[in-house]
Chemist: 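Before I ask anything, here is the structure I am working with.
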Amino acid sequence: MITADLFAAISAPARRDEALCEGAVVLRGFALAGETPLLQAIADIAAQAPFRHLVTPGGLRMSVAMTNAGSLGWISDRRGYRYDPIDPDSGRPWPPTPPAFLQLADAAAAHAGFAGFVPDACLVNRYEAGTRLSLHQDRDERDMGEPIVSVSLGIPAMFLFGGLQRSDRPQRVPLAHGDVVVWGGPARLRYHGVLPLKPNHHAALGDVRINLTFRRAD
DNA sequence: AAGTAGCC
DNA sequence: TGAG
């Protein structure tokens with residue numbers, strides 16, 4: 001079992017943290033210590049709640065394929081964006097969030113200054129070449145005092161980290177396998193997104209990027 | 001508008 | 001032509 005402390009202890013010597021702004025930081029390679037259990041856990045989740053392309057309220061298909069773990073899952077359809085305890089594709093609850101995920105999320109949040117993070121929602125995003133996520137705010141959660149923890153696995157992506165207004169020009173942040181971004185406090189409502197991915201290959205994951213986003217939704 | 005098209 |  002990889003404990004929260006172990007995540008920090010193993011990965012600390014080789015890492016370099018990069019502040020994006022007050023309340024937001026990139027923890028380079030933070031997720032590398034627990035890599036193998038993470039990959040198995042993702043396969044288990046996808047077996048119970050397969051990846052699917054959600055539809056926006058405007059009726060358009062998102063290029064990112066998504067699934068969820070935890071007591072609440074983020075979904076989108078013609079009725080809007082929301083968290084729901086039931087997978088609409090199966091009628092069953094989302095799979096539980098694996099302990100290794102929760103330990104990683106808590107360790108990363110604590111490292112960024114947000115102690116005691118207990119997420120109830122884990123959104124699992126799958127990107128392939130060409131997949132993008134346009135600039136948006138995470139604003140469907142009840143308590144904006146809780147941070148967001150975002151884990152990158154697989155092929156690299158260019159993360160966009162903007163301001164509190166959509167018109168603010170975003171920073172471009174290259175993210176690689178194992179990088180973790182944490183934002184909260186004054187940065188909690190910053191706009192963010194992902195540029196279209198370039199075709200690429202990762203030894204462990206193949207031609208995809210998996211992003212785990214941890215949130216306290218309720 | 002968590003999307004896309006269209007235009008510069 | 002294509003990134004923005």
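Reminder, nothing fancy here: chain letters follow the sequence lines and each chain counts from 1.
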Chemist: Rounded to whole Å, how long is the line connecting atom CZ of F159(A) with atom P of dA2(B)?
Modeler: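 After rounding, the reported distance stands at 14 Å.
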Chemist: Which residues, if any, of residues 64-86 of chain A bring a heavy atom under 4.0 Å of DNA chain B?
Modeler: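 Per residue number, the list reads W74(A), Y81(A).
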Chemist: In whole angstrom, what separates L197(A)'s CG from dA3(C)'s C1'?
Modeler: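 For the pair L197(A) CG and dA3(C) C1', the rounded distance is 17 Å.
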Chemist: Please answer whether the main-chain N or O of S152(A) pairs with a side-chain N or O of D179(A) as donor and acceptor at a distance below 3.5 Å.
Modeler: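 The answer is no, because no donor-acceptor pair under 3.5 Å joins these two groups.
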Chemist: Can a side chain N or O of R215(A) be found less than 4.0 Å away from OP1 or OP2 on dA2(B)?
Modeler: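 Answer is no, no contact under 4.0 Å.
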Chemist: In whole Å, measure the gap between the C1' atoms of dA5(B) and dA1(B) for me.
Modeler: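 Nearest-Å result for dA5(B) against dA1(B) at atom C1': 13 Å.
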Chemist: Check whether D106(A) reaches the backbone of F117(A) with its side chain - one donor and one acceptor, N or O, closer than 3.5 Å.
Modeler: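 Present.
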Chemist: Does this structure show an ion pair linking D143(A) with R188(A), if we count only N-O contacts that are shorter than 4.0 Å?
Modeler: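 Salt bridge between D143(A) and R188(A), a charged N being under 4.0 Å from a carboxylate O: no.
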Chemist: Do Q40(A) and D44(A) have a side chain donor and acceptor closer than 3.5 Å?
Modeler: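 The answer is yes; a qualifying pair exists.
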Chemist: Does one side chain, of D140(A) or W74(A), offer a donor that lies under 3.5 Å from an acceptor on the other?
Modeler: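 Yes, side-chain donor-acceptor contact under 3.5 Å.
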Chemist: Just to confirm, is there a sub-4.0 Å distance from OP1 or OP2 of dG4(C) to any side-chain nitrogen or oxygen of R172(A)?
Modeler: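 Affirmative; the distance criterion is met.
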Chemist: Measure from CG on L60(A) to C1' on dA1(B) and round the result to the nearest Å.
Modeler: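 One finds 9 Å between C1' of dA1(B) and CG of L60(A), rounded.
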Chemist: Give the residues of residues 138-151 of chain A touching DNA chain B, defined as any heavy atom closer than 4.0 Å, sorted by residue number.
Modeler: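 Of all residues in residues 138-151 of chain A, the ones placing a heavy atom under 4.0 Å from DNA chain B are D138(A), D140(A).
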Chemist: Using 30° and 60° as the class limits, which term best fits the ring planes of F159(A) and H192(A): parallel, tilted or perpendicular?
Modeler: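 Correct class here is tilted.
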Chemist: Can you run through DNA chain C from 5' to 3' and write each base as (, ), [, ], | or . depending on how it pairs? Watson-Crick or G-U wobble, both distances under 3.5 Å.
Modeler: ...|
Chemist: So H202(A) and H177(A), would you call those rings parallel, tilted or perpendicular, with 30° and 60° as cut-offs?
Modeler: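 Rings of H202(A) and H177(A): tilted, 30 to 60°.
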Chemist: Write down the distance between CZ (R132(A)) and P (dG3(B)), rounded to a whole number of angstrom.
Modeler: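 Going from CZ in R132(A) over to P in dG3(B) covers 8 Å.
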Chemist: Please say whether the positively charged group of R166(A), taken as NZ for Lys or CZ for Arg, lies over the ring of Y191(A), i.e. under 6.0 angstrom from the six-membered ring centre and within 45 degrees of the axis.
Modeler: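 Here R166(A) fails the 6.0 Å and 45° test against Y191(A).
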Chemist: Can you tell me if T67(A) uses its side chain to pair, donor with acceptor, with the backbone of F51(A) under 3.5 Å?
Modeler: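 Looks like no, no N/O pair under 3.5 Å.
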Chemist: Reckon L135(A) touches a base, only the sugar-phosphate, or nothing at all at heavy-atom distances under 4.0 Å?
Modeler: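 Sugar-phosphate, no base atom in range.
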Chemist: Would you find a donor on one side and an acceptor on the other, under 3.5 Å apart, between the side chain of R139(A) and the backbone of L189(A)?
Modeler: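 Not at all, since once roles are kept as given, no pair shorter than 3.5 Å links the two residues.
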Chemist: What is the separation between atom CZ on R169(A) and atom P on dA3(C), rounded to the nearest whole Å?
Modeler: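 Distance, rounded to whole Å: 17 Å.
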Chemist: Mind calculating the distance between OH (Y191(A)) and C1' (dA1(B)) to the nearest angstrom?
Modeler: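 After rounding, the gap between these two atoms is 9 Å.
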Chemist: How many Å lie between CG on L54(A) and P on dA2(B), as a whole number?
Modeler: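 Whole-Å distance recorded here is 13 Å.
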Chemist: For the pair made of CZ in R190(A) and P in dA2(B), what is the distance, rounded to whole Å?
Modeler: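 Roughly 18 Å, once rounded to whole Å.
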Chemist: Answer yes if the side chains of H136(A) and D138(A) hold a donor-acceptor pair under 3.5 Å, and no otherwise.
Modeler: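 The answer is yes; a qualifying pair exists.
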Chemist: Can a donor-acceptor pair be found, under 3.5 Å and without considering hydrogens, that links the side chain of D120(A) to the backbone of A217(A)?
Modeler: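 Here the side-chain-to-backbone pair exists.
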